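Input: a single structure, listed below in structure tokens.
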Amino acid sequence: MADYHPQELDKKWQAHWASTKAFEVTEDYSKPKFYCLEMFAYPSGHAHVGHVRNYIIGDVVSRLKRLQGFNVLHPFGWDAFGLPAENAAIKHGIHPEASTLGNIAHMKGQLQRLGISYAWGRELATCMPDYYRWNQWLFTRMFERGLAYRRRSTVNWCPVDNTVLANEQVVDGACWRCGTAVVQKDLEQWFFKITHYADDLLQAADGLSKWPEKVLTMQRNWIGRSEGARVRFQIQGTDESIEVFTTRIDTIYGATLMMLAPEHGLVNRFAKESDDEKAFMAKAQKFRSQDRSDRLTGQVEKEGFFTGRFAINPYTNQPIPIWVANYVLAEYGTGAVMGVAAHDERDHDFASKYGLPIVPVINEQGVLINSGTYDGTPAGDALKAITEDAEARGIGEGTVQFRLKDWGISRQRYWGTPIPMIHCPVDGIVPVPDEQLPVELPKVAEFTGRGDSPLASIPEFVNVTCPKCGGAARRETDTMDTFVDSSWYFYRFCDAHNDQLPFDPKKVAYWGPVDFYSGGVEHAILHLIYSRFFSRVFHDLGMVEHTEPFTHLLTQGMVLKDGNVMSKSKGNVVDPDSMIQKYGSDALRLYVMFVAPPEKEVEWTDSGLEGSFRFLARVWRGADQWREEAVAAGTGAIDQATLTGAERALRRKTHETIKRVTTDIDVRQQMNTAVSAMMELVNELYLFTDKGERSAQAAKVAREAIESLIVMLSPFAPHTMEELWQMYGHADGLAAAQWPVADADIAKAEELEIPLQVNGKLRDVVRVAPSITDAELEALARANANVIAHTAGKTIAKVVIVPGRKLVSIVAK
RNA sequence: GCCGGGGUGGCGAAACUGGCAGACGCACAGGACUUAAAAUCCUGAGAGGGUAACCCCCUCGUGCGGGUUCGAUUCCCGCCCCCGGCACCA
């Protein structure tokens with residue numbers, strides 16, 4: 001047999017899989033389905049080993065499931081719209097489409113050289129009209145249902161990327177992509193009403209039992225539900241009132257202050273009605289222009305000024321001063337807060353600073369004081385009672401407030417999905433009729449990087465006739481946030497070429513939801529919450545039966561080099577292709593799976609990769625040593641009764657390994673221990689080979705071990721294992737193979753090794769037959785020389801025999 | 001501050017339900033093969049100590065301090081440190 005030359009095997013089997021369309025699938029109701037998906041890729045140019053780790057994880061699961069008889073959907077695609085391509089176009093003059101398609105071609109080659117088992121027939125790229133037309137179609141459906149709406153609002157604006165950012169895309173007050181400090185701008189924007197599902201998204205998170213706790217926590221924090229009440233305080237001397245949101249209405253008797261956000265609508269009015277409007281506005285303006293991220297994160301000292309006006313506390317009936325305070329946020333609650341200096345740390349700081357009254361209304365026992373008729377009521381009860389009272393009086397009501405905001409999706413950039421709307425001076429906002437979709441991105445656009453939408457400078461695009469009245473109208477020139485593209489692509493894979501609908505609901509009913517989804521934890525909030533939102537939208541459109549798109553989520557850890565995240569700028573990128581050239585794709589795949597559990601961060605080492613290569617070569621040689629005899633011996637049943645001790649030992653190890661590997665991959669997703677179990681089996685096989693027994697029976701036992709190993713290792717090292725499988729006489733390839741089944745009887749140990757402890761310390765290990773009785777075992781333990789030595793001079797108080805005969809523990813005093 | 005996840009040899013890690021801590025691998029050391037080297041195969045190894053020596057035996061050891069238990073990396077209480085998320089959210 002030839003030496004192990006993995007590069008040749010890579011070529012041979014990749015060509016074979018392509019020509020036999022080995023991984024293409026259709027709905028087959030006779031088989032259970034399994035939808036395995038890795039987060040699709042942004043075509044940045046080159047995938048490094050960190051990216052690739054995710055694809056290997058998914059491939060191991062996919063290949064396992066196929067061998068277990070599942071009908072496996074394992075597709076891949078490209079999250080192809082986005083800013084980097086457009087920025088590159090501004091810088092280098094290459095059209096985003098050209099660079100994107102070029103990058104896709106290169107990265108697809110990289111994945112193919114790794115032998116990832118994708119159904120390439122379903123490949124999609126979000127920048128293609130046959131994909132993004134369905135973004136537009138869905139946008140229109142959402143518009144019809146009020147889930148997409150337009151309003152003027154203060155938005156997060158990135159001055160470098162020249163576009164709006166969603167709240168989720170602002171990290172510590174800076175742009176998530178380029179790190180520039182975000183500024184505020186007033187713009188007409190399109191929003192998706194994700195808040196409509198806020199409660200459901202939060203509650204349903206409890207049911208996501210196969211999601212990492214970390215991700216669920218992040219989502220719960222992000223949604224940020226808090227129960228409280230809205231209460232209206234009359235403005236003294238007027239019929240008007242100011243509404244506040246509070247979670248602690250029980251402290252309302254202590255509300256000695258009213259505070260408005262600097263952006264609150266009443267601020268400008270109070271300024272006009274004041275003695276010195278200019279001075280008033282100057283003070284408000286100062287707060288408004290304070291660095292927003294600092295204001296949001298509490299970095300700015302609490303400051304405020306008195307408006308000269310008073311509100312009436314509806315419970316004490318006392319006038320309380322209305323202040324403008326820089327720590328009150330306009331976008332949360334009502335933008336106005338009742339100040340309870342005694343029971344709120346921030347209000348306390350503020351009141352102390354300005355010498356404002358501080359009235360305690362709850363004592364140390366949590367019971368109300370200074371609260372009129374509520375004195376003596378426990379705070380918890382008062383919360384309910386006062387809310388009910390406020391409702392009865394018509395001055396307030398219980399409510400739920402979310403931190404989650406509607407998702408602003410308008411982007412003033414070119415390389416995205418055009419929003420399919422038309423602005424008509426007569427009919428207002430009119431959707432582009434479905435039959436006119438897609439609204440295609442014009443091929444030519446000038447990439448200046450100026451702050452307005454590039455599409456606005458293309459008159460042929462902008463100037464249209466109104467679909468309703470036929471008069472002259474203007475086309476919407478913003479594009480959609482690219483997170484829209486990635487919020488439903490997993491459904492498109494179920495029916496990637498449908499030109500009537502985004503997908504046939506029947507096909508999604510078969511394939512969906514995604515059974516196993518893996519990707520980076522950086523998508524814990526953005527992508528994963530948006531996708532859950534879209535699933536609910538499709539559900540409400542009657543197109544999808546489920547509401548949760550991803551049953552099992554695995555967040556894979558990053559691959560570090562020299563302690564850092566790989567990046568071009570740091571120059572520490574490990575290129576999979578150069579590793580493949582040296583060791584073959586299987587060694588790379590195996591190493592990445594073996595080095596640590598998939599969700600853990602790992603440090604890349606070349607020597608570890610070499611170790612995996614050595615292991616595969618060792619499997620290759622080990623299999624070769626038995627090939628002729630094993631094939632000659634055939635696959636007939638093995639007669640357990642006539643086996644030698646060595647043969648029984650190898651069989652036992654084989655079946656033990658099958659059991660371990662199956663649970664490790666399938667149940668626990670601990671690929672690393674699955675690989676180490678297989679390494680142990682190989683070590684055992686070498687021991688067996690060294691013993692030199694070469695009977696037909698030995699060959700059969702070796703064959704069982706080796707063929708089980710080939711199948712179990714094939715998800716990790718598919719090219720090498722296909723070749724070995726063929727060499728072992730299986731002409732129809734691993735596609736026809738089945739995952740081995742462990743025989744519990746064979747795996748059972750013939751002898752038990754039982755540790756003996758005295759007072760919790762290990763003193764000896766004895767070998768006994770499994771048929772031993774507890775009484776015999778205890779007698780044996782008491783008679784053990786080491787036990788006697790360590791119990792000398794003491795009396796044995798108790799002998800514990802652990803159920804399952806795992807251990808004998810002797811208590812001596 | 002709140003929430004989530006961690007801390008185990010020189011290194012990556014394992015120990016699944018409270019039961020032999022360190023499987024498997026990397027790096028290292030020794031041996032076999034070889035003119036030699038590489039490759040390969042075999043062997044060794046947590047730290048410290050005992051014995052002339054080997055089989056062996058003892059003590060300590062999973063971030064720190066307590067506790068529960070015959071027995072704790074695992075459970076409980078109190079800390080320390082690291083990573084991630086949220087945070088003037090009323």
Side-chain angles (χ1 to χ4, degrees), chain A residues 3 171-172 212-222 224-226 228 244-248 251 259 294-302 325-329 331-340 343-347 349-350 401-403 521-522 524-525 591 594-597 599-612 614-615 617-618 621 660 663-664 667-668 670 672-680 682-683 686-687 689-690 753-765 786 789-790 797-800 802-813:
Chain A
D3 286 340
V171 180
D172 290 335
E213 201 49 48
K214 178 171 45 166
V215 173
L216 294 174
T217 305
M218 284 163 72
Q219 292 210 353
R220 288 185 186 114
N221 285 344
W222 192 261
R225 185 181 197 274
S226 61
V244 302
F245 173 73
T246 177
T247 55
R248 295 296 306 276
T251 64
M259 277 159 312
D294 287 350
R295 249 185 89 193
L296 278 172
T297 52
Q299 308 277 310
V300 170
E301 207 198 320
K302 288 178 187 53
N326 64 346
Y327 69 95
V328 178
L329 306 173
E331 59 270 32
Y332 188 76
T334 62
V337 172
M338 65 178 207
V340 184
H343 302 289
D344 183 287
E345 207 182 314
R346 296 154 297 169
D347 298 345
D349 292 351
F350 192 78
Q401 186 69 39
F402 291 96
R403 189 185 167 283
V521 72
E522 66 273 18
I525 296 173
Y591 167 64
F594 175 59
V595 67
E599 64 279 0
K600 255 198 113 153
E601 225 166 53
V602 294
E603 174 71 27
W604 176 266
T605 61
D606 286 353
S607 56
L609 173 59
E610 205 174 316
S612 291
R614 280 202 295 262
F615 171 69
R618 188 168 154 90
R621 284 188 302 270
R660 277 176 66 188
T663 47
D664 280 356
V667 183
R668 307 200 303 148
Q670 299 283 298
N672 55 329
T673 51
V675 175
S676 53
M678 290 188 278
M679 287 173 168
E680 285 183 46
V682 173
N683 291 345
Y686 268 71
L687 282 178
T689 309
D690 279 356
E753 286 192 357
I754 299 184
L756 304 181
Q757 288 185 348
V758 177
N759 291 338
K761 289 208 167 99
L762 181 71
R763 294 306 174 187
D764 205 354
V765 177
N786 287 5
H790 286 277
K798 199 160 111 183
V799 176
V800 179
V802 175
R805 312 270 171 69
K806 279 188 209 144
L807 176 143
V808 178
S809 182
I810 293 151
V811 190
K813 282 176 186 159

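In what follows, chains are A, B, ... by sequence order, proteins preceding strands, each numbered from 1. If you're wondering where the values come from, they're calculated on a predicted model, not measured in any experiment.
- Rounded to whole Å, atom C1' of B/rU40 lies 16 Å from atom CZ of A/F615.
- Here the P atom of nucleotide B/rC86 and the CG atom of A/L329 are 16 Å apart, to the nearest Å.
- As a whole-Å value, the separation of A/E601 CD from B/rA13 C1' is 15 Å.
- Nucleotide B/rC75: paired with B/rG67 (Watson-Crick or G-U wobble, both distances less than 3.5 Å).
- The CG-P distance, from A/N672 to B/rA15, rounds to 8 Å in whole Å.
- Note on A/H790: every side-chain N or O is 4.0 Å or more away from OP1 and OP2 of B/rC57.
- In this structure, A/S676 does not reach the B/rA13 phosphate: none of its side-chain N or O atoms is under 4.0 Å from OP1 or OP2.
- Side-chain contact, A/D606 with A/Y591: no donor N or O sits under 3.5 Å from an acceptor N or O.
- Closest-nucleotide positions on RNA chain B for A/E753 and A/K214 were compared, and the one nearer the 5' end corresponds to A/K214.
- If you check B/rA32 for Watson-Crick or wobble pairing at under 3.5 angstrom, you find it paired to B/rU40.
- When rounded to the nearest whole Å, the span between CD1 of A/I810 and P of B/rG19 equals 19 Å.
- Distances were taken from every side-chain heavy atom of A/K798 (C-beta onward) to each of B/rC86, B/rC42, B/rC70; the shortest belongs to B/rC70.
- Of the listed residues (A/L756, A/D764, A/V758), just one forms a side chain to side chain contact (heavy atoms under 4.5 Å, CB included) with A/V808, and that residue is A/L756.
- Among the heavy atoms of the strands, none lies under 4.0 Å from A/E610.
- Distances shorter than 4.0 Å separate some side-chain N or O of A/N786 from OP1 or OP2 on B/rC57.
- When both pairing distances are held under 3.5 Å, B/rC54 makes no Watson-Crick or G-U pair with any nucleotide shown.
- Using a 4.0 Å heavy-atom cutoff across all strands shown, A/T605 reaches no nucleic acid atom at all.
- Remark: A/K302 qualifies as a cation-pi partner of A/Y327 under the 6.0 Å distance and 45° angle criteria applied to the six-membered ring.
- Look at A/N683 and you'll find a side-chain N or O under 4.0 angstrom from OP1 or OP2 of B/rG25.
- For the P atoms, the distance from B/rA37 to B/rA32 is 11 Å, rounded to whole Å.
- Between the side chain of A/N759 and the backbone N or O of A/A812 there is at least one donor-acceptor pair closer than 3.5 Å.
- For the pair A/Y686 OH and B/rC42 C1', the interatomic distance rounds to 13 Å; values are reported in whole Å.
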Checklist entry - Under the side chain to side chain contact (heavy atoms under 4.5 Å, CB included) criterion, do A/M678 and A/F594 qualify, and how do the steps go? => result CA-CA 11 Å; A/M678 290 188 278; A/F594 175 59; over 6 Å; no
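- Counting non-hydrogen atoms under 4.0 angstrom, A/V595 reaches the backbone sugars and phosphates but no base.
- As a whole-Å value, the separation of A/Q757 CD from B/rU69 C1' is 12 Å.
- With both pairing distances under 3.5 Å, B/rC2 is matched to B/rG85 as a Watson-Crick or G-U wobble pair.
- Checking B/rG46 for Watson-Crick or G-U wobble geometry (two distances, each under 3.5 Å) identifies B/rC60 as its partner.
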